[in-house]
Number of protein chains: 2
Amino acid sequence: MIYSSELIKGTLKTIILKLLKDNKRMYGYEITQTVKELTAGKIQLTEGALYPSLHALEADGLLTTETEYIGKRVRKYYSLSQQGKIESKQKVNEFSDFLNTMVYLLDIKTNFA
Amino acid sequence: MIYSSELIKGTLKTIILKLLKDNKRMYGYEITQTVKELTAGKIQLTEGALYPSLHALEADGLLTTETEYIGKRVRKYYSLSQQGKIESKQKVNEFSDFLNTMVYLLDIKTNFA
DNA sequence: CAAATATACATAAGTTTATTATGTATTTGT
DNA sequence: ACAAATACATAATAAACTTATGTATATTTG
């Protein structure tokens, strides 16, 4: 089952910031693959959504980039800036709070570990 | 704390369908107030989002309406259709699954009862 | 070894969904 | 009386994503 796209809306930046916090340094394509693996294919980030989002986070000063060449192919690594680390924490905390609220509101039976 | 709007995006229809499942019959303004109360003000539905969403759900055949007059003021009650009941369950289940995935992906420490 | 698939980036056009603003009108509280 | 709350609705704008397209290199497979 792949989640309906509307469900994932608004969580993309949170996911990016969290992954970069855990992995120090990642490139775009790697992010899509990691998310796919970690969610058993349930969340599949599209490039059309991911790259503009990465650019926006960089423009906001939350990410820094390093470009490297693997053979002749370019690869652009993203890392959290100092501000990005703060924002990463805040975004995850906010989502966590939101999650609690939604569990209550929708009366969801949880089975989190 | 009020959640950043992007976080709530995509959850509006799920919230509406769930509330109508629990309450049989509600009108728009009542929905905004109920959500506000149940979430301690953290989710405040705007009318500009709610009414078009209700109209869309009705157009999709998920909701039925009855108009009543309270004094001279009109009040439009919404109820789930048969299809709406099915969709309500599915939406909540999907969202529940999504939350589980996000808890794992974001490594969130939960404190549900 | 040719073709298909995967890797890796990017952006533009279109759609969806919400925000903000505006409009109308009645009812209640002070 | 006046302000705030109740109750609906819609239009203009903005945000965020999907879909489509484009370019190019590297690897796998029949």
Side-chain angles (χ1 to χ4, degrees), chain A residues 2-17 19 25-37 41-60 62-63 65-78 91 94-95 98, chain B residues 2-17 19 23 25-37 41-60 62-63 65-78 91 95 98:
Chain A
I2 298 172
Y3 303 123
S4 70
S5 62
E6 55 179 29
L7 210 58
I8 303 170
K9 284 187 186 184
T11 63
L12 180 53
K13 287 187 180 175
T14 304
I15 290 171
I16 292 171
L17 292 173
L19 285 186
R25 192 174 101 122
M26 295 181 91
Y27 54 98
Y29 187 76
E30 187 184 13
I31 292 175
T32 66
Q33 297 309 303
T34 302
V35 169
K36 195 174 164 186
E37 280 166 33
K42 288 176 176 179
I43 297 180
Q44 305 202 14
L45 304 184
T46 60
E47 295 172 296
L50 180 67
Y51 291 118
S53 196
L54 285 170
H55 300 163
L57 288 169
E58 189 187 1
D60 287 347
L62 302 179
L63 303 185
T65 61
E66 306 161 79
T67 298
E68 287 185 18
Y69 279 87
I70 308 297
K72 285 183 187 171
R73 194 156 55 191
V74 85
R75 189 181 279 177
K76 203 165 159 190
Y77 281 98
Y78 289 89
K91 282 270 189 195
E94 190 193 4
F95 188 83
F98 172 67
Chain B
I2 296 172
Y3 302 123
S4 69
S5 63
E6 55 181 27
L7 210 57
I8 304 171
K9 284 187 187 187
T11 63
L12 180 52
K13 286 186 181 176
T14 305
I15 291 171
I16 293 171
L17 291 172
L19 284 186
N23 295 285
R25 194 174 99 124
M26 296 181 89
Y27 54 98
Y29 187 77
E30 187 184 13
I31 292 175
T32 66
Q33 297 308 302
T34 302
V35 169
K36 195 173 163 186
E37 279 166 33
K42 288 177 177 180
I43 298 180
Q44 305 203 16
L45 305 183
T46 59
E47 295 171 297
L50 181 67
Y51 290 118
S53 196
L54 284 170
H55 300 162
L57 288 169
E58 189 186 4
D60 287 346
L62 303 179
L63 303 185
T65 59
E66 307 162 78
T67 298
E68 286 184 19
Y69 279 87
I70 306 299
K72 285 182 185 170
R73 192 157 55 190
V74 86
R75 188 181 280 178
K76 203 164 158 189
Y77 280 97
Y78 290 89
K91 282 269 190 196
F95 190 78
F98 173 66

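Every chain is numbered from 1, with letters handed out A, B, ... down the list of sequences.
Between B/Lys9 atom NZ and A/Leu7 atom CG the span is 14.5 Å, to the nearest 0.5 Å. How far OG1 of A/Thr46 is from OH of A/Tyr51: 10.5 Å, rounded to the nearest 0.5 Å. Taken from CG in B/Leu54 to CG in B/Leu12, the straight-line distance is 7.5 Å, to the nearest 0.5 Å.
Contacts of A/Gly28 with the nucleic acid, taken as non-hydrogen atoms under 4.0 Å apart, involve only primed sugar atoms and P, OP1 or OP2. Counting any heavy atom pair closer than 4.0 Å across all strands shown, A/Gly71 reaches sugar-phosphate atoms only and no base atom. At a threshold of 4.0 angstrom between heavy atoms, the contacts of B/Glu47 include nucleobase atoms, whether or not backbone atoms are also involved. Heavy atoms of A/Ile8 sit nowhere under 4.0 angstrom from any nucleic acid atom.
The phosphate of D/dC8 has neither OP1 nor OP2 within less than 4.0 Å of any side-chain N or O from B/Tyr29. Under 4.0 angstrom from either OP1 or OP2 of D/dC8 there lies no side-chain N or O belonging to B/His55. For D/dA7, neither phosphate oxygen OP1 nor OP2 lies less than 4.0 angstrom from any side-chain nitrogen or oxygen of B/Lys72. Dashed line: the shortest gap from a side-chain N or O of B/Tyr51 to OP1 or OP2 of D/dC8 is under 4.0 Å. For C/dA18, the OP1/OP2 oxygens have no side-chain nitrogen or oxygen of B/Ser5 closer than 4.0 Å. OP1 and OP2 of C/dC9 both lie 4.0 Å or more from every side-chain N or O belonging to A/Tyr27.
The interatomic distance linking B/Gln44 (CD) with D/dT6 (C1') rounds to 16 Å, in whole Å. Rounded to an integer number of Å, the gap from CG of B/Leu57 to C1' of C/dT16 is 14 Å. Here C/dT17 presents its P atom at 12 Å from CG of A/Leu7, a figure rounded to the nearest Å. If you take OH of A/Tyr77 and C1' of C/dT7, they are 12 Å apart, rounded to a whole angstrom.
Counting heavy atoms from C-beta on, the side chains of A/Val74 and A/Tyr69 come closer than 4.5 Å.
The residue among A/Glu30 and A/Lys9 whose nearest nucleotide of DNA chain C lies closer to the 5′ end is A/Glu30. Map A/Lys13 and A/Ile70 each onto its nearest nucleotide of DNA chain D; the residue landing nearer the 5' end is A/Lys13. Of the residues near DNA chain D, A/Thr46 and B/Gly48, the one whose nearest nucleotide (by heavy atom distance) lies more toward the 5' end is B/Gly48.
Salt-bridge formation is detected for the pair B/Arg25/B/Glu66: a Lys NZ or Arg NE/NH1/NH2 atom is positioned less than 4.0 Å from an Asp or Glu carboxylate oxygen.
Of the candidates D/dT10, C/dT7, D/dC17, C/dT7 carries the atom nearest the A/Arg73 side chain, counting heavy atoms from C-beta on. The side chain of B/Val74 sits closest to D/dC8 out of C/dA18, C/dC9, D/dC8.
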